[in-house]
Each structure stands twice: as structure tokens, then as C-alpha cells.
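In what follows, chains carry the letters A, B, and so on, assigned in the order in which the sequence lines appear, proteins first and then strands, with residues in each chain numbered from 1.
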2 protein chains.
Amino acid sequence: MTSEFGQFCPIALASEVLAQKWMFLIIRELNAGSTRFNEIRRGVPRISATLLKQRLDQLEQVGVIIRRRNEKGSSEEYLLTEAGRELKAVLGSVGEWGQRWARAIEKDDLDPGWLVWAMHRRIDVTAMPLGRTVLEFEFFDAPKDQRLFWFLCANDSVDVCIKSPGFDTDLKVITSVQVFAEVWRGLRPLRQEIKSGGIRLEGSLALQRAFPGWLLLSVFAKTRRQV
Amino acid sequence: MTSEFGQFCPIALASEVLAQKWMFLIIRELNAGSTRFNEIRRGVPRISATLLKQRLDQLEQVGVIIRRRNEKGSSEEYLLTEAGRELKAVLGSVGEWGQRWARAIEKDDLDPGWLVWAMHRRIDVTAMPLGRTVLEFEFFDAPKDQRLFWFLCANDSVDVCIKSPGFDTDLKVITSVQVFAEVWRGLRPLRQEIKSGGIRLEGSLALQRAFPGWLLLSVFAKTRRQV
DNA sequence: CGGTATCCCCCGCGATACTG
DNA sequence: CAGTATCGCGGGGGATACCG
């Protein structure tokens, strides 16, 4: 591990940590606010527990995170250090580049579970009605167990549910994963898809009209793709 | 390779290309101006030919470089595309982070051959006397075959030699790899090391005085280390 | 929930030798 | 100079089962 590249160039030294499979995604989750093991896994669902733990240990060792038992002692927390927080700049440049130049989306990238997990951090509850709002998504092209999701939006938090939360749905969104992914990425305009029927809304007209204002989309959505 | 991570996040898509061993270093060399196979290898000496070729093919496939026979048809050239040039921003953020937060330099990082290769791109010939200037380096703590190097500086180019170029040396620099590496990285001030004898100069007083002005140091030398 | 422990396979990668 | 071909190993990492 030490001196993997035989150079003292800062890019080489950083590579020892960063240029490994999964690493950017784990760091992205941490910088998005995840602190717990399974929280990180929801953002990186395809990594194995073994490997995630290995990577977290490594990040701790090089000083990107610190590990801590939470107050109740019931669970472990992984917290970014200043070094870890400064990796946000790297995530930014990598994401910008990916948005502009990386390969096109393919079938196997379209994990609806990941999409809703990413969305739940980018829903602007302050733009919503006060109190509880239940948002339901139906991805009609997804396998049965990934077709339906609910967002339980309170005044200051958003929870993702894979079963009905037990409250009535206020606004339902019906779409394909493909179309919604492209909207999320900023490759198609949201309002236009609503008009053309690529995204269908069911619920009060007031909520339908407000909906595009709730959805902040991907952090990189405004970056113009070049290919 | 495709959909390695099962997400369409731009960071995940970029990771498929970037988050691999050696990749940042190869891209660094290309962005530093290398276009030929063995030129890249000089900047990444520990990579095997097999693997370098594999990586270059991959970079070509994803549109970061294009391959071309040069005019004479005698050799292959690897040229950055616009996508490849935009990776400079990524190199910048990764290098900045590495400079600030990556691990300290260790013995095995101290490859004098790599150091002189890195230096030759950062020597300001416009600050030198007109005509030819021969700069000689002696790293007294290096193994015999890595002790001596020459820079053959012309008005518009710098060549690295591992044997005497056959011209008299105008200025000789005697130092340890360790000390010079730290100066190069911006961890120690050059002028102070010259004063204290960590770096010794032999040659006309005029050249000795001018020397610190020739050496541009690492691109990241001005970034302040945090640990 | 937050991991370990184990098994095992594959392939990433280095080393060496050879080529046009 | 710019690779290719071949071999071989080590360990990266996936799958599964188990634990406090």
C-alpha cells in the first residue's frame, strides 16, 4: 500500500487512497451526510459489507474520517474530518467531468432504489405545504419489488419508504425509470416531460403545479452535457 | 466494465474510468504534454508496458485521448481530446488535496529519476542566459546509477540526460534526494536550504544567484500543507 | 443494526521474453 | 521505439453464513 507508485507527487499519494474501486462513491455518501454503515450502503447498494468495512477502515487510517460510538452506544458513526470535507472539491470536479463527458446511461445503471435514495436528499421541504406531505412514485418499467416508493415529507425531514407509510398519498408520480433518471440528471426538462406525459401526476392541481418546485434534481443537473 | 457500480450518478460513471490504479498518473503525464508511449513511461516509471497499453486503450475507448501515427509514420502519438483536457480540473483538485492531506513522503517514494523528469517541465529557460546552459545534479544519497543527472537547457527546450551531455557543466547542484524532494514539494524554502548548505551550488556566482529563479518547483508547491 | 468469518474464484497485474 | 505474448501468482473482492 505504501509507496504504491514510487513517486512523491501529490497526485500519486492521493491516488493511493482515492483511485480505488468504490472509494469516490463512499466519500460522496459521507459528504452527502451519511454517518452510519447501512446508510452508506443505501447510497452504494452494490458494495459488499466486507469491502465497505475495509474501505472505511482505510479512510479512517489515512485521516479522512473518524469512527465513534454514538451517544447511546448503540451504533457506530463515521464522521468526516477536515481532510474528508475537503474532498468535496474532488467530488465536484469528478462529478462535473462525469456529467459532461462520461458514457451514456445504460439499462443496468437504472436502479430505482438508488434513485429514490438520491432524491430524498434533494427534496426541498421548505417549498412544500406545512405538515406532512406524502409523495408516491410508481416506476412502471421496474420489477415488482421496485415499482413503488413513498417519500414521507415532514417540515424538516424526508424519509424513503418501500412500503406504504400508512398515510394517504398526496401526490402520485407515474413514470419510467429511464425518463425520470434523465430528468434527474438534467438531460430533459422536467416541466416538458410533465406536459408531454412522460411523467404523469395524480393529485390536487395545486400540488401538481407546485411539484417541480420541490424537486432540486441532481447536484450536477445544471452542468451541460457535451456528448 | 459497463455499469460497474449500478448507478447513473456522474461520479459513478466517471469512477469507471478514473478510479483505477495508475490512471491519474497517466492522465497527468498526458496533460503535462507527453504524447508518446515511452515519454509517458518516464513519468510513470513503475507501470508495466502491458498495463500502460491497456490503460491507454481504455482512455481511447472512452474518448479521453485519440491515437494517431505521427507525420513520419515512425511512431504512435496519444493526444488528448477536449474531454481529456478537461480532466485538468480533476488533476488540480486531487493534487491540491494530496498536497494538503496525503501521507508524508517515505523512502521508497524518493525516485531521483522521476524527480528530474518532473523538474525538466518546470525549468524556466526564459529566465536563463541566452544559449546553452548545462545544469548538473548530484544526489549524494542515491545509488550510483541514479546519482548524476544533467539538464541540457536551450532557449526553448530542456533535455534530461543520465550521462554527461559532453558539454561543460555551468552550474552544479549537490544535495540529497530527500531534501530536494521537500523543496520541490514546497515543504522547505529553496533559498534557506541553499544558505544552510542542504543544497550546495558550484559555479559562477552569477549563476548561483540566478538559480532559484529558474526553478519553478511543483505545480502544487504553493499550496500549504495541513498535516 | 453493524458488522465477521470463511471460502473460493477470477483477474489484475507484474515479470520476462520476444518482435517488427 | 513501441509495443505483444505468455505465464503465473496474489489478493481483491463477491457470496454466503453467522454473531453480539
* Asked: In B/S/- notation, 5' to 3', how is nucleotides 8-20 of chain D contacted by protein heavy atoms closer than 4.0 Å?
  -> -----SSB-----
How long is the line joining [atom1] of [X] and [atom2] of [N], in whole Å?
| X | N | atom1 | atom2 | value |
| --- | --- | --- | --- | --- |
| B:R36 | D:dG3 | CZ | C1' | 13 Å |
| B:R69 | D:dC1 | CZ | C1' | 10 Å |
| B:Y78 | D:dA2 | OH | P | 9 Å |
| B:R67 | D:dA2 | CZ | P | 13 Å |
| B:I40 | D:dA2 | CD1 | C1' | 11 Å |

* Tell me, please, the opening and closing nucleotides of DNA chain C, 5' to 3', among those with an atom under 4.0 angstrom from a non-hydrogen atom of chain A. => C:dC1 to C:dA5
* **Straight-line distance of A:K107 NZ to A:Q178 CD, nearest 0.5 Å** =>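 Here the rounded value is 6.5 Å.
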* Asked: Salt bridge between B:D109 and B:R103, side-chain N to carboxylate O under 4.0 Å?
  ->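 Answer for the salt bridge query: yes.
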* Charged N to carboxylate O under 4.0 angstrom, B:E76 versus B:R69? -> yes
* For B:K88, side chain to side chain contact (heavy atoms under 4.5 Å, CB included) partners two or more places apart -> B:N31
* A:L217 vs A:V183 side-chain heavy atoms within contact, under 4.5 Å ->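 The answer is yes, as the side chains (C-beta and beyond) meet within the 4.5 Å cut-off.
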* Asked: Is the B:W150-B:F167 ring centre distance short of 6.0 angstrom?
  ->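 Between B:F167 and B:W150, which both carry aromatic rings, the centre distance is not below 6.0 Å.
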* Asked: Quick one: does A:D141's side chain have a donor or acceptor within less than 3.5 Å of a partner on A:V177's backbone?
  ->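 Yes; at least one donor-acceptor contact below 3.5 Å.
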* **Matching residue for B:F8 among A:F220, A:W114, A:F180 - test: ring-ring contact (aromatic ring centres under 6.0 Å, His included)** => A:W114
